[in-house]
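On a predicted model such as this, the values are computed, not experimentally measured, just so you know.
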Amino acid sequence: ADLSDLSRLHLAVLAEASSPAAAVAALDAGADANARTSDGLTPLHLAAHRGSVVLVRLLLERGADADACAHSRGLMAIHLAALGGHASCMAELVDRCRWPALEPQVTGDGSSLSLPCMPGALSLVLVAAVSGSHHCMRLTLAKLPPACPSLFASLIVCALAGATECLAMLLAEGEKVQAPSPVALRELAGTCDCDGVSLLMVAAMHSHEDCVALLLSAGAEVDGRATGMGWTALHFAAASVAGDRSAMTAIRLVEGGADASAVCKDGLAPADMAQALGRPRTLAVLNAAASARGSTPITTSSVT
């Protein structure tokens with residue numbers, strides 16, 4: 001929204017994130033605590049986005065609606081607090097929200113999932129996962145209803161970002177999910193996207209070795225293969241965006257039983273990829289693992 005779209009109270013919140021003086025003056029002069037921009041943003045949305053506990057508390061005390069939604073996706077102030085990792089603001093809002101509106105629910109017979117209030121409503125657990133804040137995730141999971149179909153997307157986000165603590169919380173929460181039957185920890189740890197790319201592969205691709213270790217301990221399949229390319233987690237580690245820092249991730253995978261001699265659909269073993277990409281430390285780890293299994297190591301002249 002441009003400045004002409006903002007009320008006096010919106011402007012006061014934007015101007016003084018840490019001081020309530022201007023906001024108090026605006027409210028005392030009769031400003032509407034629930035004034036909206038054309039996008040539906042209230043002063044409470046802005047205060048939560050900026051992480052101002054003082055202003056969030058003031059606005060709630062003066063009648064701000066914690067359930068006010070902006071945009072077509074049901075964006076509430078608590079979503080913005082979670083996205084910014086502002087756990088203190090979330091703590092102020094957490095008991096003021098209509099929680100059934102924040103997460104998808106199980107239908108009456110428990111056989112399927114639906115959004116009861118706002119079609120397309122944002123998932124708070126997914127927003128918390130994007131923030132990577134374990135404090136925000138803990139607050140969210142403490143209030144979530146028992147079924148959460150956004151859990152799987154949130155797991156992928158945590159593996160992508162290397163948010164190990166959030167990932168651990170989601171795996172623990174997932175075992176309680178009834179959708180419509182209990183989800184085993186091993187099944188959650190093996191979550192894949194439509195191309196067969198698993199959480200373990202995502203974590204390995206970004207060299208998040210702590211996430212890799214967590215997923216392996218939870219029972220993730222160490223030699224599972226992506227559908228299209230036939231890559232294993234070790235292939236993803238060898239091609240990691242982190243470069244040769246992937247050596248430690250490769251060690252974790254090998255210690256977890258990964259087969260360093262596994263060949264993808266292009267006929268390449270992980271060591272071939274590490275060699276071609278110029279990653280000597282990762283190559284050394286993979287050569288040692290392949291030798292231990294009786295395979296021929298890749299030498300510096302083996303790949304052109």
Using a 3.5 Å cut-off and no angle test, enumerate the donor-acceptor pairs between side-chain atoms of residues 84-94 and protein atoms at least two apart in sequence or in another chain.
{"unit_1": "H86", "atom_1": "NE2", "unit_2": "H49", "atom_2": "O", "d": "3.2"}
{"unit_1": "E92", "atom_1": "OE2", "unit_2": "R57", "atom_2": "NE", "d": "3.4"}
{"unit_1": "E92", "atom_1": "OE2", "unit_2": "R57", "atom_2": "NH2", "d": "2.8"}

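Distance check: D39 CG to L75 CG gives 10.0 Å after rounding to the nearest 0.5 Å. S131 contributes atom OG, which lies 12.0 Å from atom CG of L80 (distance to the nearest 0.5 angstrom). Interatomic distance, C211 SG to L216 CG, rounded to the nearest 0.5 Å: 11.0 Å. Distance check, rounded to the nearest 0.5 Å: CG of L171 to SG of C166 gives 11.0 Å. A distance of 9.0 Å separates OG in S133 from CD in E165, rounded to the nearest 0.5 Å. In this structure, the separation between CG on L215 and CG on D210 is 11.0 Å, given to the nearest 0.5 Å.
The closest donor-acceptor contact from the side chain of R225 to the backbone of G230 lies under 3.5 Å. The main-chain N or O of L46 is never found under 3.5 Å from a side-chain atom of H10 such that the two would form a donor-acceptor pair. A donor-acceptor distance shorter than 3.5 angstrom exists from the side chain of S240 to the backbone of M205, with no hydrogens or angles considered. Side chain of R36 to backbone of C69: a donor-acceptor contact under 3.5 angstrom is found. No side-chain donor-acceptor contact under 3.5 Å links H134 to the backbone of A168. Of the possible polar contacts, none joining the S52 side chain to the A47 backbone as a donor-acceptor pair under 3.5 Å is found.
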Any chance you could lay out the side-chain hydrogen bond (donor to acceptor under 3.5 Å, both in side chains) test for D195 and T227, step after step, and finish with the verdict? CA-CA 5 Å; D195 294 316; T227 307; over 6 Å; no
Stepwise side chain to side chain contact (heavy atoms under 4.5 Å, CB included) test for L9 and D32: CA-CA 8 Å; L9 187 55; D32 182 1; over 6 Å; no
Check the pair L27, L58 against side chain to side chain contact (heavy atoms under 4.5 Å, CB included), reporting the backbone distance first and the verdict last. CA-CA 10 Å; L27 288 164; L58 170 68; 4.1 Å; yes
Go through the steps to decide whether H206 and L160 satisfy the test side chain to side chain contact (heavy atoms under 4.5 Å, CB included), and finish with yes or no. CA-CA 7 Å; H206 292 270; L160 182 65; 3.1 Å; yes
Go through the steps for I156 and V197 under the test side chain to side chain contact (heavy atoms under 4.5 Å, CB included), then give the verdict. CA-CA 10 Å; I156 292 286; V197 177; over 6 Å; no
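Side-chain contact check for L234 versus D259: every heavy-atom pair is 4.5 Å or farther apart. Between R62 and D28, some side-chain heavy-atom pair lies under the 4.5 Å cut-off.
For D223 against A258, the heavy-atom pair with the smallest separation is OD1-CA, 3.5 Å. Closest heavy-atom contact between A250 and L286: CB-CD2, 4.4 Å. The minimum heavy-atom distance between A29 and R8, with the atom names listed, is CB-NH1, 3.5 Å. Nearest heavy-atom pair across W231 and M201 is O-CE, 3.6 Å. Closest approach of T140 and A128 over heavy atoms only: OG1-CB, 3.8 Å. In terms of heavy-atom proximity, M229 sits nearest to C264 at O-CB, 3.5 Å.
A side-chain contact (heavy atoms from CB on, under 4.5 Å) with V56 is found for exactly one of L60, L59, V53, namely L60.
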